[in-house]
Amino acid sequence: MSFVLLVCAFSNTVTFANNNTIVFSCSLNPESEFSRALNSIYTQAFIALGYSFEMRYFKSATRALEEAQKGNTDGECARVGGFPERFDYNNLYKLNAVVRTSDFAAWTYNPTITFSDVESLKQSNYKVGFQNGSLIAQEFAELHQLSNLHIAANFRSTLKMLEAERIHVFISGSDMVLEQAHQIVAKPIHKITRFYQFNSYPYLHKKHAQLIPRLELHLNELLPEGGITTAAF
């Protein structure tokens, strides 16, 4: 066999392997209990469909979503239901399988900071922060016209700003805070108030739309009702 034919044969083999591996973008901490459990469930679901699976982790939540939107990855591991659609990530289809139920809340390292709802937060002079790419925080801030906002590059940076009192309040889903905050800052973090509850779902790129019915079936067989819970809760 000629060298050219060998190269072509090798290229075809590589392409076939890549086509049979599903890759999800993810901005979760890869060492977190939730991330490991989610990875295991996705691996089992895709094996049942004849695919291998891997998670590709990004520090930026925006980058994770954009890579999936562009088709550079095959989907996104966990997003608040409805948010990618409302922010024009129209190449991604929500899978009808709840991976986690959580709540959106305000957090601080200063136990003297208190307020009961978003209206009392707006009347305060507190500096409010959230991480870049958090669509739930972005929409909440726009909907309620929050001022004095500070957007950090990622989850870790936001907590460090909170610790240094460059911001007073961090708005975020409780799941990430309860699971990861103690790994970044040693002192205890306090929940000021809960705003509302939400569900997170996986999103799949439209190029794999034909997999959706069977994939949803396998995921719902593997996932507990209401999604994955961890010891942090």
Side-chain angles (χ1 to χ4, degrees), residues 25-28 34 58-69 75-110 112-162 165-181 189-204 226-227 233:
S25 299
C26 200
S27 59
L28 300 170
F34 176 54
F58 298 90
K59 290 183 178 180
S60 165
T62 299
R63 173 80 186 281
L65 198 55
E66 288 176 347
E67 290 296 302
Q69 164 70 10
E76 227 271 354
C77 70
R79 282 285 167 169
V80 180
F83 278 81
E85 297 93 323
R86 293 203 291 277
F87 284 84
D88 296 325
Y89 289 92
N90 51 10
N91 289 334
L92 301 178
Y93 294 165
K94 185 182 80 173
L95 299 178
N96 186 25
V98 177
V99 295
R100 172 170 275 179
T101 299
S102 185
D103 57 60
F104 185 68
W107 302 84
T108 187
Y109 284 117
N110 183 347
T112 66
I113 292 177
T114 60
F115 51 84
S116 58
D117 53 31
V118 67
E119 290 305 317
S120 52
L121 170 60
K122 288 171 66 174
Q123 292 169 14
S124 73
N125 293 318
Y126 296 136
K127 296 177 183 177
V128 179
F130 61 89
Q131 65 169 324
N132 185 36
S134 174
L135 301 184
I136 187 171
Q138 181 180 335
E139 183 173 80
F140 183 84
E142 291 174 356
L143 177 65
H144 296 287
Q145 300 180 321
L146 297 184
S147 57
N148 213 357
L149 290 172
H150 300 263
I151 304 174
N154 51 50
F155 183 79
R156 180 184 181 86
S157 299
T158 314
L159 284 181
K160 288 295 185 180
M161 288 175 67
L162 190 65
E165 298 185 347
R166 292 170 56 198
I167 57 174
H168 303 107
V169 175
F170 175 29
I171 53 175
S172 174
S174 294
D175 44 9
M176 290 184 68
V177 174
L178 292 172
E179 197 168 68
Q180 299 181 39
I189 193 165
H190 305 277
K191 181 187 284 189
I192 304 168
T193 191
R194 165 185 158 174
F195 297 119
Y196 62 87
Q197 191 176 74
F198 64 90
N199 292 331
S200 295
Y201 301 83
Y203 277 78
L204 190 69
F233 301 103

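The analysis underlying the following values was restricted to heavy atoms, covering all of them including side chains, and did not include hydrogens, waters or symmetry mates.
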TODO: Determine, step by step, whether Gln69 and Asn90 satisfy the side chain to side chain donor-acceptor pair (under 3.5 Å) criterion, reporting the C-alpha distance in whole Å, the side-chain angles of both residues, the deciding distance to 0.1 Å, and the verdict.
DONE: CA-CA 7 Å; Gln69 164 70 10; Asn90 51 10; 3.3 Å; yes
Which heavy-atom pair separates [X] from [Y] by the least distance, and what is that distance?
X      : Y      : result
Ala68  : Ser25  : N-OG, 3.8 Å
Val99  : Ala78  : CG2-CB, 3.9 Å
Pro202 : Ala97  : CD-O, 3.2 Å
Lys94  : Gly81  : CD-CA, 4.1 Å
Ala106 : Val169 : CB-CG1, 3.8 Å

With sequence neighbours left out, write down each residue that passes side chain to side chain contact (heavy atoms under 4.5 Å, CB included) with [X], or none if nothing qualifies.
X      : value
Glu66  : Thr62, Tyr89
Phe198 : Val80, Ser102, Phe104, Ile136, Tyr196, Ser200
Asp103 : Ala105, Ser174, Lys191, Arg194

Sub-4.5 Å side-chain heavy-atom contact between [X] and [Y]:
X      : Y      : value
His150 : Arg166 : no
Ile151 : Phe130 : yes
Leu162 : Ile189 : yes

Just verifying a value: how many Å separate [X] [atom1] and [Y] [atom2], rounded to the nearest 0.5 Å?
X      : Y      : atom1 : atom2 : value
Thr193 : Ile171 : OG1   : CD1   : 12.5 Å
Ser134 : Leu65  : OG    : CG    : 11.0 Å
Arg100 : Leu28  : CZ    : CG    : 7.5 Å
His190 : Thr114 : NE2   : OG1   : 12.0 Å
Glu165 : Tyr109 : CD    : OH    : 12.0 Å
Leu204 : Leu95  : CG    : CG    : 5.5 Å

Are more than 12 heavy atoms, taken from residues, nucleotides or ligands other than [X], located less than 6.0 Å from that residue's [atom1] atom?
X      : atom1 : answer
Gln197 : CD    : yes
Lys59  : NZ    : no
Glu142 : CD    : yes

What residues form a ring pair (Phe, Tyr, Trp, His ring centres under 6.0 Å) with [X], not counting sequence neighbours?
X      : result
Tyr203 : none
His144 : Phe140
Phe155 : Phe170

Open item on the list: Under the salt bridge (Lys or Arg N to Asp or Glu O under 4.0 Å) definition, can you give me all pairs with a residue in residues 132-141, not counting sequence neighbours?
Closed with: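 Qualifying pairs: Arg86-Glu139.
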TODO: Mind checking side chain to side chain donor-acceptor pair (under 3.5 Å) for Asn132 and listing every partner two or more places apart, or none if nothing turns up?
DONE: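 Residues passing side chain to side chain donor-acceptor pair (under 3.5 Å) with Asn132: none at all.
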- [ ] Output all residues satisfying side chain to side chain donor-acceptor pair (under 3.5 Å) with Ser120, sequence neighbours left out; order by chain, then residue number.
- [x]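 Residues passing side chain to side chain donor-acceptor pair (under 3.5 Å) with Ser120: Asp117.
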- [ ] Keeping the roles fixed (side chain from Thr158, backbone from Ala152), state whether a donor-acceptor pair exists under 3.5 Å.
- [x]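 Looks like no, no N/O pair under 3.5 Å.
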TODO: For Lys160, check salt bridge (charged side-chain N to carboxylate O under 4.0 Å, His left out) against everything at least two apart and list the hits.
DONE: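 For Lys160, the residues satisfying salt bridge (charged side-chain N to carboxylate O under 4.0 Å, His left out) (neighbours in sequence not counted) are Glu163.
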- [ ] Check salt bridge (charged side-chain N to carboxylate O under 4.0 Å, His left out) between Arg63 and all other residues, then give those that pass, not counting sequence neighbours.
- [x]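 By the salt bridge (charged side-chain N to carboxylate O under 4.0 Å, His left out) rule, Arg63 matches Glu67.
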TODO: Mind jotting down which residue pairs meet the side-chain hydrogen bond (donor to acceptor under 3.5 Å, both in side chains) criterion with at least one end in residues 121-131? Sequence neighbours excluded, please.
DONE: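 Qualifying pairs, neighbours excluded: none.
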